[in-house]
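What follows is a single structure, written as C-alpha cells, with notes after it.
Note that ligands are numbered from 1 as they come in the structure, with each ligand's atoms numbered from 1 the same way. For the numbers below, each heavy atom of this structure counts, side chains included, while hydrogens, waters and symmetry mates do not. What you see is a predicted model, and the numbers here were worked out from it, not measured in a lab. For reference, positions follow the sequence shown, starting with 1.
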Amino acid sequence: MYFFVILPLLSLSFWCTIKKSIPAELHGPALKPVFEGSLPENNNFLHSADAVHLSLVACGDRLDESIVLLKSAVLLTHQPLIFHLFVEDVLQKNFRDQLEFWPDEFKRKIYYRIFPISYPSDQNSNEWRKLFKPCASQRLFIASFLTDVDALLYVDTDILFLSPIGAIWQHFNNFTALQSTGLAPEHEDAVTGWYNRFARHPYYEPLGVNSGVMLMNLTRLRKSNWQSAILEYYKIYKMYIVFGDQDLINIYFHFHSDELYIFPCHWNYRPDHCMYMSVCKSAEQEGAAIIHGCRRVMHTDKQPAFKAVYLTFYKHRLGADLQYSLLDTLKRELDNVSSTKCGQVRYIFSKWIEKEILNSPTENGHW
Ligand SMILES: *[C@@H]1O[C@H](CO)[C@@H](O)[C@H](O)[C@H]1NC(C)=O
Ligand SMILES: *[C@@H]1O[C@H](CO)[C@@H](O)[C@H](O)[C@H]1NC(C)=O
Ligand SMILES: *[C@@H]1O[C@H](CO)[C@@H](O)[C@H](O)[C@H]1NC(C)=O
C-alpha cells in the first residue's frame, strides 16, 4: 500500500540515490502513513514538478488551528499541494475526517499523508517530545523519515497563508548550491533582539533566525551532516537551550552559515514586527505573505489583529466567495482593531490577499 503511493512520487533511481546517501544508523524505520488521501482519478499532480509540499506537526490542542492553516493554504493556491502531516495518535482520525469533509473542488487540489510522531529509534523519544512545544522537535528528523520527498515547507501550526504558497516556494530557485534551508531573521533590530542580548549558546548572527516558517531541501539535508550534528549540539548545549528546536537550528547555522538562505520578514510576520512600532519594512511594501501568531496570539486578546485574521479564516466556509466572504470580512475585522498597535498597520494583513483575490480571474479551481 505504502509503496504503491510512494513510487509515483519519485523515480527509482532517485530513491536509490537517497537511500545510499543516508548513513545506516540515521536511517529511521520506514515510516508508514496511518492515513492518506485518495488520489483523484486521472490526476497527475503527484508527478507534477509544480506540486508544493507542506509539512507540519500537530499535537495537544493544535488540531483546529492546523486545519485552519491548511484551509488558508488551499484557498489561495495555484498549484497542487501535498501535505505531510505528523499528528499525535489521538488526533489522527479527527484530522483525517476534517480533511475528508472538505468540498471536492478543494480535495482535488490536495493529496495528504498523516504520519505518527516519530523519532530516531536510538533516541529517547520522550525527551525530544518535550523539548519546547510538544512535538515541535519532529522537524529535526523529518529528512530521514520522508526519504521520498525532495523538498518541503515546514511550518508551525500557528501560521496562516495570506499569499499563494507557491510564492514562498519560489525562494528555492534563489538558493545557492550549498543552501539547504530558508528562514527569516528572529529580529529586525539589535535593541529588541533576544539572541544577541540573552542567548548563552551560539546562534545565527547577527540576530538569530525564527524557525516557524522553514524551507527545507531534504535532499541536501540528507547529504549534509545535519542530523548527526543536531544530536551532537543537543548534548553539548542542552542546559542553555530556551526555545528548544529553534535554538538547535540557530546553533547549527551558527556553524554552517553557508547552508542557510535568509528570506525577509514578511514571509514570517509576527507580533514583534508591529507590537511596539512597525519594524518589518518588507511587509510595509509587499504586505505580509505568511503571518505567524506565536505566543498564542491567534487565540488570546493580546494582539487583536492576529486574532482577527485567524477568526476570519476560521469562520470562512470553503467554497464561499473569496472577495465577499473572506476579503471583506477580513477588512471589517481589522478595522475593528484599528486602535491597537498592529491594527494601526492593518493594511499589512490584507494587502497581499487583496492583490491576489482581486487579480485572480477565476478564483476557484482553475486547474
Ligand atoms: C530571486 O532573485 C531574483 C534576482 O535577484 C529576484 O528578482 C527575485 O525576486 C528573487 N525571488 C524571490 C522569491 O525573492
Ligand atoms: C534540492 O536539492 C537537490 C540537490 O541539490 C536539487 O536537485 C533539487 O532541485 C533541490 N530542490 C529544490 C526544490 O530546489
Ligand atoms: C468589534 O470588536 C468588539 C469587541 O471585541 C466586538 O464585540 C464586536 O463584535 C466587533 N465587531 C465586528 C464588526 O467584528
Nearest neighbour in protein (non-hydrogen) for [atom]:
atom	result
atom 9 (O) of ligand 2	D150 OD2, 4.3 Å
atom 8 (C) of ligand 1	N174 ND2, 3.8 Å
atom 5 (O) of ligand 2	R220 NE, 2.9 Å
atom 14 (O) of ligand 1	H171 CE1, 3.2 Å

Q. Would you say C342 and C274 have SG atoms less than 2.5 angstrom apart?
A.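 Yes, C342 links to C274 through a disulfide.
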
Q) How does the hydrophobic cluster around Y276 look, that is, which other residues are in it when side-chain heavy atoms under 4.5 Å mark a link? A)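 M275, listed by chain and number.
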
Q: Examine H299 together with Y310 and report whether their ring centres are nearer than 6.0 Å.
A: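 Under 6.0 Å, so yes.
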
Q. Does K307 have any side chain to side chain donor-acceptor pair (under 3.5 Å) partners at least two apart in sequence or in another chain, and if so, which?
A.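 Counting only residues at least two positions away or on another chain, K307 forms a side chain to side chain donor-acceptor pair (under 3.5 Å) with D301.
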
Q: Considering only protein heavy atoms, determine whether one is less than 4.0 Å from atom 11 (N) of ligand 2.
A: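 Yes, because at least one protein heavy atom sits under 4.0 Å from atom 11 (N) of ligand 2.
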
Q) So, for atom 2 (O) of ligand 1, does the protein have a heavy atom nearer than 4.0 Å? A)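 When distances to the protein are checked, atom 2 (O) of ligand 1 has a heavy atom within 4.0 Å.
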
Q) Should K223 be counted as touching ligand 2, given the test is an N or O pair under 3.5 Å? A)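 Checking ligand 2 against K223, no N or O pair falls under 3.5 Å apart.
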
Q: Decide whether an N or O pair under 3.5 Å exists between T219 and ligand 2.
A: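 So ligand 2 has no N or O lying under 3.5 Å from an N or O of T219.
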
Q: For the residue pair H256 and Y252, categorise the inter-ring angle as parallel (less than 30°), tilted (30 to 60°) or perpendicular (more than 60°).
A: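 Geometry flag for Y252 against H256: parallel rings.
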
**Q.** Salt-bridge contact R296-D158 (side-chain N to carboxylate O under 4.0 Å)
**A.**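 Salt bridge between R296 and D158, a charged N being under 4.0 Å from a carboxylate O: no.
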
Q) Should you measure from each heavy atom of A151, which atoms of ligand 2 turn up under 4.0 Å away? A)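 Answer for ligand 2: 13 (C).
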
